[in-house]
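In what follows, a structure is listed as structure tokens, so that the remarks can point back to it.
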Amino acid sequence: METKSIAIDGPSGAGKSTLAKLTAKKLGLIYVDTGALYRSIGLFVLRRGVASKDEAGVKRLLPEITLEMKYDGSGTQRVILRGEDVTDEIRSPEVSIYASDVSAQTAVREFLLQMQRDMAVRYDVIMDGRDIGTVVMPSAGVKIFLTADPEIRAKRRYDEMLAAGREVTYDEVLRDINYRDTNDSARANAPLKAAESAIVVDTSAFNLDESFDKILDIINERLTGNGAK
Ligand code: DC
């Protein structure tokens, strides 16, 4: 039987992971956070002292990288890099920039593509990233492109980081968002863009509950042909 697949793409801080996690729980799907894979490669490159834009250097490191995705009892995805759980460490601003830089490189994208597709074949998934609807799961049953104004995304990310006890300023977070927006959209390889059949949802004026309702409506309508409500 074919598995269910839902693709959520969009820029950093649009709420993809929060909404995808909630949706996964509600609909009994596996949530796959593909950004965590790029982040893990970014972390490895950083630890090895290789510049994030040194394509040849990054490519040389790839054969040393093994990545696994595991799910703990609460269904939370853990990322295991060469046997080490790096789930928390990959969230730093420094790793965000490394992840964005290495993700522009063909060798890195090819390295991760099959792993993501295998997950989609094996499980009912909701997968978030930048190229899920366009490249990783072009035949996904539902494609959503989630976005919001950069300042709003920065504020949400900043609040999240403060709550997690990280020392950052709003300006740093906004700078990071702007850098990654440009980098992720301008690259030649699988750039950030909405798939043709994606439904674009701008959450700038929505709170979390409103955004979640909207997402569920779209999924319901696309998967069953029924609009909820
Ligand atoms: O979703 P995130 O912020 O954790 O992703 C980190 C970086 O990884 C992001 O700046 C771009 C890259 N990425 C990508 O190129 N393709 C994906 N499917 C997911 C993430």
Side-chain angles (χ1 to χ4, degrees), residues 5-21 24 31-46 52-53 55 58 62 65 67 69 76-79 81 86-120 125-138 140 143-148 150 153-154 156-158 160-161 164 166 168 172-195 198 203:
S5 29
I6 299 174
I8 303 200
D9 290 300
S12 309
K16 299 185 299 292
S17 69
T18 308
L19 291 164
K21 267 182 223 161
Y31 165 53
V32 183
D33 167 9
T34 63
L37 300 174
Y38 291 94
R39 285 172 178 274
S40 300
I41 294 184
L43 174 65
F44 189 68
V45 170
L46 175 66
S52 54
K53 290 191 172 165
E55 280 206 51
V58 171
L62 293 176
I65 298 179
L67 283 171
M69 281 189 263
T76 304
Q77 174 185 291
R78 313 291 306 178
V79 198
L81 167 66
V86 292
T87 311
D88 300 321
E89 199 174 341
I90 56 174
R91 296 290 145 201
S92 75
E94 201 178 12
V95 173
S96 297
I97 301 292
Y98 265 66
S100 181
D101 286 345
V102 300
S103 74
Q105 300 165 23
T106 307
V108 171
R109 302 206 75 83
E110 281 175 357
F111 182 77
L112 292 177
L113 184 58
Q114 200 53 46
M115 183 174 182
Q116 297 168 79
R117 286 193 173 151
D118 286 347
M119 295 290 289
V125 294
I126 180 161
M127 195 176 280
D128 85 8
R130 305 292 186 288
D131 62 336
I132 308 305
T134 50
V135 176
V136 178
M137 307 195 305
K143 296 181 189 179
I144 294 170
F145 191 86
L146 205 62
T147 189
R153 289 188 275 122
R156 290 178 187 160
R157 194 37 70 82
Y158 172 66
E160 231 173 68
M161 289 176 125
R166 291 192 183 272
V168 280
E172 278 168 347
V173 179
L174 181 60
R175 219 177 310 130
D176 168 81
I177 293 239
N178 284 331
Y179 176 83
R180 292 204 287 144
D181 278 2
T182 309
N183 222 17
D184 298 345
S185 310
R187 70 182 179 218
N189 285 317
L192 165 67
K193 68 165 189 235
T203 66

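When a ligand or atom number is given, it counts from 1 through the structure's own listing order. Excluded from the calculations below are hydrogen atoms, water molecules and symmetry mates; all remaining heavy atoms, backbone and side chain alike, are included. In this chain, residues are counted from 1 in sequence order.
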Atom indices of ligand 1 within 4.0 angstrom of Ser100 heavy atoms, with elements: 10 (O)
Are any of the N/O atoms in Gln116 less than 3.5 Å from those in ligand 1? no
Quick one: does Arg157 get an N or O within less than 3.5 Å of an N or O on ligand 1? no
To the nearest 0.5 Å, what is the distance between OH (Tyr31) and CG (Leu19)? 10.0 Å
Just by distance, with hydrogens left out, do Arg109 and Tyr38 show a side-chain donor and acceptor under 3.5 Å apart? yes
Is the closest side-chain donor-acceptor distance between Thr203 and Arg156 under 3.5 Å? yes
Give, for atom CG of Asp184 and atom CG of Leu192, the distance between the pair rounded to the nearest 0.5 Å. 6.0 Å
Quick test of your reading of the model: are Asp101 and Arg39 salt-bridged, counting only N-O distances below 4.0 Å? no
List the closest protein heavy-atom neighbour of atom 11 (C) of ligand 1: residue, atom name, distance to the nearest 0.1 Å. Asp184 OD2, 3.3 Å
Atom 4 (O) of ligand 1 has as its nearest protein heavy atom Arg39 NE, 2.6 Å
With no hydrogens and no angle check, just 3.5 Å: does a side-chain donor-acceptor pair link Arg153 and Ser12? no
Indicate whether any N or O donor in one side chain lies under 3.5 Å from an N or O acceptor in the other, for Arg187 and Ser103. yes
Under 4.0 Å from a heavy atom of Ser103: which atoms of ligand 1 are those, numbered in the order shown and with their elements? 11 (C), 12 (C), 15 (O)
of all protein heavy atoms, closest to atom 6 (C) of ligand 1 is Arg180 NH1, 3.4 Å
For Thr34, is at least one N or O under 3.5 Å away from an N or O on ligand 1? yes
Correct closest heavy-atom pair for Asp9 and Ile132 would be OD1-N, 2.9 Å
State whether the shortest distance between N or O atoms of Arg130 and N or O atoms of ligand 1 falls below 3.5 angstrom. yes
Geometric N/O contact Arg109 with ligand 1, under 3.5 angstrom: yes
State whether the shortest distance between N or O atoms of Lys16 and N or O atoms of ligand 1 falls below 3.5 angstrom. no
Going by distance only, is there an N or O of Tyr38 that falls short of 3.5 Å from an N or O of ligand 1? no
